[in-house]
Each structure stands twice: as structure tokens, then as C-alpha cells.
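Both ligands and their constituent atoms are indexed starting at 1 by order of listing. From a predicted model like this one, the values you see are computed outputs, not experimental measurements.
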Amino acid sequence: MDLQHVKGTFDILPDGYLQGDTTIFPASNWTDAEARIRGVLERFNFEEIRTPIIEPVELIARGVGQTTDIVQKEMFAFRRGDDEYVLRPEVTASVMRGYLEHHLDQRGGVQKLFYLGPCFRAEQPQKGRYRQFHQFGTETLGTDDPSADAETIAAMLAIYAEFGVTNTTLRINSLGDADDRRRFREALRTFLKPYAEELSDISRQRLETNPLRVLDTKNEREQEILRDAPRLPDFLGDQPRRHFDEVKSLLTDIGIEFEEDPDLVRGLDYYSRTAIELESPDLGAQSALAGGGRYDGLAEAIGSAKRVPSVGFAGGMERLFVAMSATGVEPSPSAAPMAFFVALGDPARRAVFKLAADLRGAEVATGLDLRGRSFKAQMREANRQRAAFAIIVGDDELQNSAVQVKTMASGEQQAVAMDELVDFLRNLSAQG
Ligand code: HAM
């Protein structure tokens, strides 16, 4: 077949498989991981929000920022009629849009929301980097308080701890307020101007559009130049500095270790004050498990008259699975049925169809042959599906109104009256 999945995407199948050198975990692992993430976040008192996957392109352009890589070159954007849409590259801007659109502030108090779902960025695919990937994250909207920043970090770490992913480094920084960044940007520009000739094309361009991003460079010569550059922490005003000190002190209170990284600037434009990134050495080049920070100016950037100070983080499911693999976690098989019917002959197949309906109605997971295959083939199928019991029905069984229940693990077999089968299996099912 010449039709294949779109580059940078992948199918999640009932079984795990290798795509390149990456294990794509089976659907049951995803469902389980999502449930556990929900569990952790509900423990932290977050409520779920689900926003559309398509958004107006304007939201992302203004929210994430015109000069970011995401908006400049990674958006899956399309036009229909006069409207331009984008497959969301992240969820923070959408959550803020939803908050403003539905006046969620009127529910009272701080809104603590979490989400899980796909995001899209047209990046060059590589290990841990996809064009459709899946994020989980939190957004705490409507508070300036440093405790919200520290709580976000604690929730983020709790998720990775839930999966035994503790070989991580938490890096934090403060990007200051808009004013601090303006002064820093000017200082950085003035400092770098004389080196413009030596900078890469991309850094020279960033020098004009978004000088902070030059600090992200992996280029050795540029890193050398930057060694004597002005430092962001020296430009922090009193309030952002006090805010940052308080965040750090709260983290220390609850035993969370971190590294301060004055060069951590993050790739989205909406950040102010706290910036966070969680890294794992197990990820290779795409070392970020999760990232986030405070975005006090986002609401106004997307048209709110009111400031909505907020903080959040997002992590990638794919990278969580890579990190889990490194701790030795293996893909797990999908759920096995309790019972699998083996029917011999047409009258038995008809009876079994009805018996299966009864069992399913009684919440017993049940499978049956759908191809009219031989006894042997049906037994093989019961085995392959790891059914706890094979339930054998032929002419004799129909005549006696009793089926043969074979316990697959032991091979033991016993007759059970048809009208007692539901209770028989439901009892066993309840015992686990
Ligand atoms: P981000 O750093 O762009 O931040 O993405 C967060 C996480 O999503 C990354 O750390 C990574 O695990 C995952 N991720 C991003 N791009 C890809 C990709 N192409 N393939 C696989 N995984 C990827 C945000 O998106 C912000 N909205 C986070 C945030 C929430 N800030 C405040 N609140």
C-alpha cells in the first residue's frame, strides 16, 4: 500500500512496536498513563479542561508570539473561506482564551485547570520530537502568588515521580517583568552588535526580532561570545526578584532541588518572571521532558482588558514514555477477556451469540469466534487473547443446557448450567 502515516506522526496500536529506535507503547499503556496523570493532578486539586484542537491562527500568533519558531515556521495552518485556522501547537493560549471567553474568573477564586491531548508542530522529526505529539499540563489562572509557581513545579515533578522518572534536572530562571526584559534586550543587543558578523544567520535574525532567544544558541563560538554578555538576573526589578526568591524558598521547603540557569529563556514569547524546564539525560538531543512558567501578560496579548497573572507547565507524553523505557518499563499487553466462547456448529454459534450478550450485559469481558472456524482454531484464539476461561458449546451442550468451562491456566474443565453461567463468571470476575 502506498498510503502511510503522515511524517512525524505515529499510530498507537493494541500492541507496542518499534518505530525507528523508539518503542511506541500500546494503547493500554497510554490509557493507563493518562489515568495516572489525571489522578496526580486531581490530587493537586486541578480540574480538567478540554479545548478544541483547531483555533484561530490569530490566537496563536498573538499568544505564542510572532517571532517564535512555532509561529514563524511550525504551524499547521490552513484557510477555509475567509478564516485561517491552526492545529494547536500548544494548549496554554487556548486555555487562556477559554478562561476569558467563558469568564471563568466568575466561578470565584483561582482557576486551576489541567489538560491532556494532541498538539501539532511542523518540526523536523527525530527521537522524542514529532509533528503530532501529546501534551499534559496545568494552568493556574488568576494569581500572582509565588506559591502558584511552586505548586506547578511540585505537580509536574509528582507526575514524573508517579512513573518512577526521577533521574531529572529541574532548571529555573526568572525572566523578570516586561520592563526588565526590555532593558535587558537593549543591553544584550548593544553588547552583541559588534559581534554581528560572527553570529549565525539565525542568531543575527534573532538579535533583531527576539534577542533573548540568542541565549538558547548551541553554537560554540556564540556561547563563547555570550560568556561576557550582560546577564538577565542583573536586570531583575525588586518585585520579580522577591517573587523568584519566594518561589525558590517554597521549593526548598518541600525538598525540591533545582538549578538556577540564567540562560533559560524558553521558546514561547508569553513568559514573564518564572521559567521552568525539566530535563532528563535519557532523552538525548530533545532533553526537555517538560517546560513552563509564568505568563502574566498573555491575557492582554490576546485582547483582554484585564491582566490575568497565571502560571503553568506542559510535558510531552512521548518523552515521558522514552524516560519510562529508560527505567526499564516495558509495553504491557492489552486487557484480556474473562471468557472466550468456542462454538461447534451453527446452532451452537447462534446460542453462543446470545450467551455472549448476556455475559457482556453482566459486565463480564467476553470474546467469541466471528469466522466459523474449527474447534482447534477457536481454542488457539482463546489462548492468543489470554482469556481466563474458554467456554465450549457444541450439540451435546445445547441438548443438556450446560456448557463446558475450561480454565485456561490449569486446563481443568467443568460443566456449568447455561442459566448459571452469568453468575458463575460474574462471581469469578468479582474475585479478580
Ligand atoms: P513547550 O516547552 O513548547 O511548552 O512544550 C512542553 C513540552 O511538550 C516539551 O517539554 C516536550 O516534552 C513536549 N513537546 C514540545 N514539542 C514537541 C514535539 N515536537 N514532539 C514531542 N514533544 C514535544 C509549551 O508548550 C507551553 N505551553 C508550556 C506551558 C504551559 N507554559 C505555561 N503553561
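Distance from atom 21 (C) of ligand 1 to its nearest protein heavy atom, with residue and atom name: Gly128 O, 3.2 Å. Looking only at protein heavy atoms, the nearest one to atom 31 (N) of ligand 1 is Tyr271 OH, 2.6 Å. Protein heavy atom at the shortest distance from atom 30 (C) of ligand 1 is Thr92 OG1, 3.0 Å. In terms of protein heavy-atom proximity, atom 14 (N) of ligand 1 is nearest to Phe133 CE1, 3.5 Å. Shortest contact from atom 12 (O) of ligand 1 to any protein heavy atom: Leu289 O, 2.8 Å. Remark: minimum distance from atom 20 (N) of ligand 1 to any protein heavy atom is reached at Tyr130 N, 2.9 Å. When hydrogens are left out, the protein atom nearest atom 7 (C) of ligand 1 is Ala314 O, 3.5 Å; that is the closest non-hydrogen contact.
Under 3.5 Å, the side chains of Asp177 and Ser272 contain no donor-acceptor pair of N or O atoms. A donor atom on one side chain and an acceptor atom on the other are found under 3.5 Å apart for Thr92 and Glu139. Neither side chain, Ser334 nor Asp15, offers a donor N or O lying under 3.5 Å from an acceptor on the other. Looking only at atom types and distance, the side chain of His243 has no donor-acceptor partner in the side chain of Asp144 under 3.5 Å away. No side-chain donor-acceptor contact under 3.5 Å links Thr217 and Asn219.
Contacts between Tyr270 and ligand 1, counted as non-hydrogen atom pairs separated by less than 4.0 Å, involve the side chain only. The part of Gln135 lying near ligand 1 is the side chain, judged by heavy-atom distances below 4.0 Å.
Counting heavy-atom neighbours within 6.0 Å of Glu198 CD, excluding the residue itself, gives a total above 12. When the shell of 6.0 Å around CD of Gln239 is examined, it contains 12 or fewer heavy atoms from other residues, nucleotides or ligands.
Here Asp216 does not pair with Arg206 in a salt bridge; the nearest charged N to carboxylate O distance is not below 4.0 Å.
Here the options are Glu259, Glu260, Glu279, the test is salt bridge (Lys or Arg N to Asp or Glu O under 4.0 Å), and the partner is Arg171; only Glu279 passes.
The shell of residues lying under 4.0 angstrom from ligand 1, judged by heavy atoms, includes Tyr115. Distances shorter than 4.0 angstrom occur between a heavy atom of Ala290 and an atom of ligand 1. Using a 4.0 Å cutoff on heavy atoms, Gly137 does not count as a contact of ligand 1. Using a 4.0 Å cutoff on heavy atoms, Arg266 counts as a contact of ligand 1.
Considering each of Glu90, Glu139, Arg121, the one bringing a non-hydrogen atom nearest atom 16 (N) of ligand 1 is Arg121. For atom 9 (C) of ligand 1, the choice among His134, Arg319, Glu318, Glu123 with the nearest heavy atom turns out to be Arg319.
Across Gly312 and Tyr295, no two heavy atoms sit closer than the pair N-CE2, 3.7 Å.
Under the rule for a side-chain contact (heavy atoms from CB on, under 4.5 Å), the partners of Arg241 that lie at least two apart in sequence or sit in another chain are Leu236, Asp245.
Interface of Gly292 with ligand 1, defined as ligand atoms under 4.0 Å from a residue heavy atom, comprises 29 (C), 31 (N). Shown in contact with Leu268 at under 4.0 Å from a heavy atom are these atoms of ligand 1, numbered in order with element: 3 (O), 4 (O). Against a heavy-atom cut-off of under 4.0 Å, Gly291 is close to the following atoms of ligand 1: 10 (O), 28 (C), 29 (C). If you number the atoms of ligand 1 from 1 as listed, the ones under 4.0 Å from a heavy atom of Tyr295 come out as 32 (C), 33 (N).
Taking any N or O of Gly316, backbone or side chain, at least one lies under 3.5 Å from an N or O belonging to ligand 1.
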Name every donor-acceptor pair, under 3.5 Å, that has one atom in a side chain of residues 130-137 and the other anywhere in the protein, sequence neighbours excluded.
{"unit_1": "Arg131", "atom_1": "NE", "unit_2": "Glu123", "atom_2": "O", "d": "2.8"}
{"unit_1": "Arg131", "atom_1": "NH2", "unit_2": "Glu123", "atom_2": "O", "d": "3.3"}
{"unit_1": "His134", "atom_1": "ND1", "unit_2": "Glu318", "atom_2": "OE2", "d": "2.6"}

